[in-house]
Protein chains: 2
Amino acid sequence: MSHPVPDLTQAASPTRRRVLDAALALFSEQGYFNTAIPHIVKRSGVSIGSIYHHFGDKQGIARALYADLLEGMDGALAAICHQIPDARGQALAVVEYLFEQAERAPLATAFMLSTRHREFLPDEPPICSSQPFNRMRDIVSRGIARGEMHDGDPAVLAAALFGGPLRLVQLRLDHILPRPLPTYLVEAWEAAWLAVCNTRG
Amino acid sequence: MSHPVPDLTQAASPTRRRVLDAALALFSEQGYFNTAIPHIVKRSGVSIGSIYHHFGDKQGIARALYADLLEGMDGALAAICHQIPDARGQALAVVEYLFEQAERAPLATAFMLSTRHREFLPDEPPICSSQPFNRMRDIVSRGIARGEMHDGDPAVLAAALFGGPLRLVQLRLDHILPRPLPTYLVEAWEAAWLAVCNTRG
DNA sequence: GTCTATACAGTGATAGAC
DNA sequence: GTCTATCACTGTATAGAC
């Protein structure tokens, strides 16, 4: 039932990890284009030769990082959808996960949610069409089908349900919100749920 | 009562305008860092010497553009807040404005809402603390005070109210939503308002 | 104010020893 | 697989004529 899958990708290499960690920090703090390879060399302690050996080019670093984080996020959402039956519970768990993750791993969350990946990864599909975001839309579609949420365009309802919480994450990552996100969870969720819940229920 | 203020800034210069228009198009389509000065030269028809004469450096172009668009957006929101008395009407008008503006001037809207300005304008304050966004929070604060919206943290309520619509704008600008934004206005607004309205009213 | 030609730095990427 | 040294180039910015 559990999935301990031991890194099918070759992410286990220690140098690879060090480069990805350094790149994540630099990309999140100053942006992809403000980060030169020598910066990554300094911060990671890995030589430029090794970096190019592992990743091919600069885009390759961002690509590997992006795939890595997408996979982690999708795994979390998959687990949620698997363990919780009702759409409301799933959506709440997703928001809770996003809030906790933004505090635990702000750099990773910022790189996932607050970055225009297309500018430096022209071949990647937009993040809205990625697995995790598809799952969010699926939750909403199922919520409508099950009568938990009122009828309507799934895209609009998904925006209404997750738009507020995602905006709060953004504000927190930009250091606008003073308190940790989980302290806003109850209030933010109540408002979000009111926007989509079925009043006939 | 009206404010025809004839461009206090020296934005009237025709070459200045041509440069700003070209820069807006290029920055929005491919990003600030993927846009080289020679690109702007080609697209605007203005020589590199004139560009540097007017804007000082590359950042100067982005800075002028940003100030220009912020001023326009703030003027629109100011007019809304001035003409409409109740918070609900103001908020609805703001969402309507954002939806229309995203269709009428998608490049400008994308540059304002979907760009990490800090990456190339390190001295600018974050957009969340700009005039237009302050007005949105003010609308919410007044809505709470007037009893139109239920009590709570203004930041959370503002995110709940505008987060969904702003997310739809994002999706539309990324070419994910098939139909023009105004066609989603009624449904999006109803959901947004449900999230914050005072049920005792 | 506008233009052309040019200087100069920093960057992504490679070669090749170990 | 890891490293150092180096290349080739793009892109910002300036000089100075008109």
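Quick caveat, the model's predicted, so the values are computed rather than measured. All heavy atoms count here, side chains included; hydrogens, waters and symmetry mates do not.
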Quick tally for nucleotides 11-16 of chain C: nucleotides whose base has a protein heavy atom under 4.0 Å get B, sugar-phosphate-only ones S, the rest -, giving SSBB--
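Under the 3.5 Å distance criterion, the side-chain polar atoms of B/Arg137 are matched with a main-chain donor or acceptor of B/Cys128.
With a 6.0 Å cutoff to the six-membered ring centre and a 45° limit on the axis angle, B/Lys58 does not count as a cation-pi contact of B/Phe120. For the pair A/Arg179 and A/Tyr184, the cation sits on the ring face: its NZ or CZ lies under 6.0 Å from the ring centre, inside 45° of the axis.
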- Which is it for B/Glu100 and B/Thr109 under the side-chain contact (heavy atoms from CB on, under 4.5 Å) test, yes or no, and what are the steps along the way? CA-CA 10 Å; B/Glu100 281 170 1; B/Thr109 308; over 6 Å; no
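If you take CZ of B/Phe120 and C1' of D/dG11, they are 17 Å apart, rounded to a whole angstrom. For the pair B/Phe55 CZ and D/dT12 P, the interatomic distance rounds to 15 Å; values are reported in whole Å.
At the phosphate of D/dT2, OP1 or OP2 sits under 4.0 Å from a side-chain N or O atom of A/His54. The phosphate of D/dG1 has neither OP1 nor OP2 within less than 4.0 Å of any side-chain N or O from A/Thr15. A sub-4.0 Å separation between OP1 or OP2 of D/dT4 and a side-chain N or O of A/Ser47 is absent. Proximity of B/Ser50 to the phosphate of C/dG1: no side-chain N or O atom is located under 4.0 Å from OP1 or OP2.
Nearest approach of B/Pro126 to A/Ile176, heavy atoms of both residues: CG-CD1, 4.1 Å.
Qualifying side chain to side chain donor-acceptor pair (under 3.5 Å) partners for A/His54, counting only residues two or more places apart in sequence or in other chains: A/Thr15.
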